[in-house]
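Heads up: numbering here begins at 1 and tracks the sequence. Excluded from the calculations below are hydrogen atoms, water molecules and symmetry mates; all remaining heavy atoms, backbone and side chain alike, are included.
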Amino acid sequence: MSSIADPVAATPLSDSKAAAPAAPAIALPVAGERELRLDLFRGMALWLIFVDHLPTNILTWFTIRNYGFSDATEIFIFISGYTAAFVYGRAMLQAGFVVATARILRRVWQIYVAHVFLFTIFLAEISYVATRFENPLYSEEMGIMDFLKQPDVTIVQALLLRFRPVNMDVLPLYIVLMLFLPAILWLMKWRPDVTLGLSVLLYALTWQFDWYLTAYPGGFWIFNPFAWQLLFVFGAWCALGGAVRMSRILSSPVTLWICVAYLLFSFFVTLTWHIPQLSFLMPKRLEQWMYPITKTDLDVLRFAHFLALAALTVRFLPRDWPGLKSPWLRPLILCGQHSLEIFCLGIFLAFAGHFVLAEVAGGAFMHALVSLFGILIMWGVAWVISWYKHSADKDASKNKRTGGNADMAGGSV
């Protein structure tokens with residue numbers, strides 16, 4: 001039984017003990033291995049994001065945001081950093097900085113095109129529904145009123161990633177983070193721990209000086225890249241040997257009980273949000289220190305909650321867990337392996353579900369039906385994409401290049 005916290009998860013790039021001082025500062029997993037746990041949890045994050053984007057329903061209570069400080073976004077960004085470093089870190093070590101940077105920028109362009117395409121389709125969907133059913137509230141609720149008033153200006157701002165309708169904030173964040181990936185990997189190759197330290201410093205300075213990116217027509221980015229880069233860089237650091245160096249800490253009983261205690265504490269706090277009658281149990285001084293637990297700037301409490309979940313996951317879900325081969329988990333893994341396409345589809349389906357619940361029926365049964373039907377569509381599309389890439393495209397295997405599978409890095413949003 002092995003986990004990502006065990007040394008078997010990575011091997012040094014040099015086999016010679018005598019050459020150890022000259023070996024790179026980072027270590028990478030064995031080439032050709034696919035970490036199914038990453039695909040599993042990335043697929044789970046996609047499903048959770050879709051359900052959370054729908055109006056509150058029965059399935060909403062199965063998402064992690066109701067039981068702690070963090071949610072599916074933290075899972076998504078961490079895995080994005082991990083997989084991107086896994087793929088392009090190897091390319092940088094083997095092919096050099098220039099070649100790796102070119103591949104990263106190519107992937108950034110692909111994600112940017114996907115964002116623009118999603119933006120166009122999403123606007124068309126909302127505009128059609130609002131016009132067809134003569135309900136301007138859809139345009140206002142989805143945040144596209146400014147587009148309808150000034151389409152020329154708004155389109156330019158959208159291309160600059162400054163204007164985004166509701167639920168379209170994750171891809172711009174990922175585009176910005178990927179743009180800085182070459183510099184991150186170059187620093188990781190030199191000193192991975194120093195790189196993580198610089199990321200923590202930037203995070204602290206962001207909180208101290210209130211750094212943020214502005215949005216159009218007003219306000220700021222929902223996910224502040226200056227803060228969320230910490231989770232992305234931490235994922236990259238774990239992929240390039242950090243998880244191995246933390247193996248003793250992760251396997252410690254003290255770490256286990258600290259994580260369990262913190263998760264229970266966060267569960268109790270969130271319980272007071274859903275049951276106001278319990279709010280008297282929260283000390284006022286604790287509330288003053290703790291609130292607001294902001295998502296925009298990745299509050300420390302949210303980051304710590306994710307770390308606790310991740311530590312327990314790698315402890316109790318080993319890399320060779322037989323359940324990863326189970327057909328019951330195959331839908332999640334398939335969605336995780338093609339997450340760029342499935343994420344875009346999920347945004348489209350979330351508004352379609354919102355429309356059905358508003359215009360047809362909004363009962364508990366319909367809520368559950370819409371959620372389950374949307375998940376089935378996401379699974380079906382992921383299966384078709386997988387079939388096409390592995391069966392219909394006869395030349396897929398011939399076109400593989402050194403540096404890994406783009407689905408692993410770019411497929412993560």
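Taking CG from Leu171 and CD1 from Ile347, the interatomic distance works out to 7.5 Å, rounded to the nearest 0.5 Å. Considering CH2 of Trp321 and CG of Leu36, their distance stands at 11.0 Å, rounded to 0.5 Å. We find the CD1-CG distance between Ile222 and Leu213 to be 12.0 Å, quoted to the nearest 0.5 Å. Distance check: Thr270 OG1 to Phe265 CZ gives 10.0 Å after rounding to the nearest 0.5 Å. Here CE of Met168 is found 11.0 Å from NE2 of His53. Values are rounded to the nearest 0.5 Å. Taking OG of Ser279 as the reference point, atom NZ of Lys284 lies at 6.5 Å (rounded to 0.5 Å).
Annotation: side chain of Met282 is in contact with side chain of Phe268 (closest heavy-atom distance under 4.5 Å). Side-chain contact between Tyr203 and Thr206 is absent, with no heavy-atom pair separated by less than 4.5 Å. Side-chain contact between Phe267 and Leu263 is absent, with no heavy-atom pair separated by less than 4.5 Å.
Here Trp47 and Phe50 keep their ring centres 6.0 angstrom or further from each other. In this structure, Trp383 has its ring center no closer than 6.0 Å to that of His338.
Not one N or O on the side chain of Tyr262 forms a donor-acceptor pair closer than 3.5 Å with the backbone of Leu307. Looking at His305, its side chain never comes within 3.5 Å of a backbone N or O of Leu301 through a donor-acceptor pair. Judged purely by atom type and a 3.5 angstrom limit, Glu74 uses its side chain to pair as donor or acceptor with the backbone of Asp71. Side chain of Thr63 to main chain of Thr60: a donor-acceptor pair is present (N/O by atom type, distance under 3.5 Å, no hydrogens or angles). Using a distance-only test at 3.5 Å, with no hydrogens or angles considered, a donor-acceptor pair links the side chain of Ser127 to the main chain of Leu123.
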Between Leu161 and His115, is the side chain to side chain contact (heavy atoms under 4.5 Å, CB included) condition met? List the steps.
CA-CA 9 Å; Leu161 304 180; His115 172 73; 3.6 Å; yes
Apply side chain to side chain donor-acceptor pair (under 3.5 Å) to Thr214 and Arg162, showing your working.
CA-CA 7 Å; Thr214 59; Arg162 298 188 67 241; 3.2 Å; yes
Report the C-alpha distance between Leu349 and Ile375 in whole Å, list the side-chain angles of each, state the deciding distance to 0.1 Å, and finish with yes or no for side chain to side chain contact (heavy atoms under 4.5 Å, CB included).
CA-CA 9 Å; Leu349 291 175; Ile375 288 173; over 6 Å; no
Step by step, would you call Phe76 with Phe343 a side chain to side chain contact (heavy atoms under 4.5 Å, CB included)?
CA-CA 11 Å; Phe76 222 58; Phe343 174 82; 4.3 Å; yes
Evaluate ring-ring contact (aromatic ring centres under 6.0 Å, His included) for Phe122 paired with Phe348, printing each intermediate quantity in order.
CA-CA 6 Å; Phe122 196 47; Phe348 181 85; 8.0 Å; no
Evaluate side chain to side chain contact (heavy atoms under 4.5 Å, CB included) for Met378 paired with Phe373, printing each intermediate quantity in order.
CA-CA 9 Å; Met378 295 165 72; Phe373 192 65; over 6 Å; no
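In terms of heavy-atom proximity, Asp297 sits nearest to Trp207 at O-NE1, 3.1 Å. Between Ala45 and Ile75, the closest heavy-atom pair is CB-CG2, 4.1 Å. Considering every non-hydrogen atom in both Gly89 and Leu185, the closest pair reads N-CD1, 3.7 Å. For the pair Cys259 and Ala308, the tightest heavy-atom approach, listed with the atom from each and the gap, is SG-CA, 3.8 Å. Across Leu329 and Gly323, no two heavy atoms sit closer than the pair CD1-O, 3.2 Å. For the pair Thr101 and Pro182, the tightest heavy-atom approach, listed with the atom from each and the gap, is OG1-CB, 3.5 Å.
Counting only N and O atoms by type, the side chains of Arg107 and Gln110 include a donor and acceptor under 3.5 Å apart.
Under the salt bridge (Lys or Arg N to Asp or Glu O under 4.0 Å) criterion, Arg65 pairs with Asp52, sequence neighbours left out. Partners of Ser326 by side-chain hydrogen bond (donor to acceptor under 3.5 Å, both in side chains), not counting sequence neighbours: none found. Among residues two or more places apart in sequence or in another chain, the side chain to side chain contact (heavy atoms under 4.5 Å, CB included) test is passed with Ala158 by Phe119, Phe163. In this structure, the salt bridge (Lys or Arg N to Asp or Glu O under 4.0 Å) partners of Asp169, at least two apart in sequence or on a different chain, are Arg164.
Using a cut-off of 4.0 Å between Lys/Arg side-chain N and Asp/Glu carboxylate O, Arg302 and Asp299 are scored as not salt-bridged.
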Side-chain donor/acceptor pairs under 3.5 Å, residues 225-237, sequence neighbours excluded:
unit_1	atom_1	unit_2	atom_2	d
Trp228	NE1	Lys295	O	3.0
Trp228	NE1	Thr296	O	3.2
Gln229	OE1	Ser199	OG	2.5
Gln229	NE2	Ser199	O	3.0
Gln229	NE2	Phe226	O	3.1
Trp237	NE1	Asp193	OD1	2.9

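Using cut-offs of 30° and 60° for the angle between ring planes, the Phe69 and Trp273 rings count as tilted. Note: Phe78 and Tyr82 have tilted aromatic rings, judged against thresholds of 30 and 60 degrees for the angle between ring planes.
With Arg42 as the partner, the side chain to side chain contact (heavy atoms under 4.5 Å, CB included) test is satisfied by one option alone out of Asp39, Leu38, Leu40: Asp39.
The salt bridge (charged side-chain N to carboxylate O under 4.0 Å, His left out) pairs that include a residue from residues 196-217 number zero, where partners must be two or more places apart or lie in different chains.
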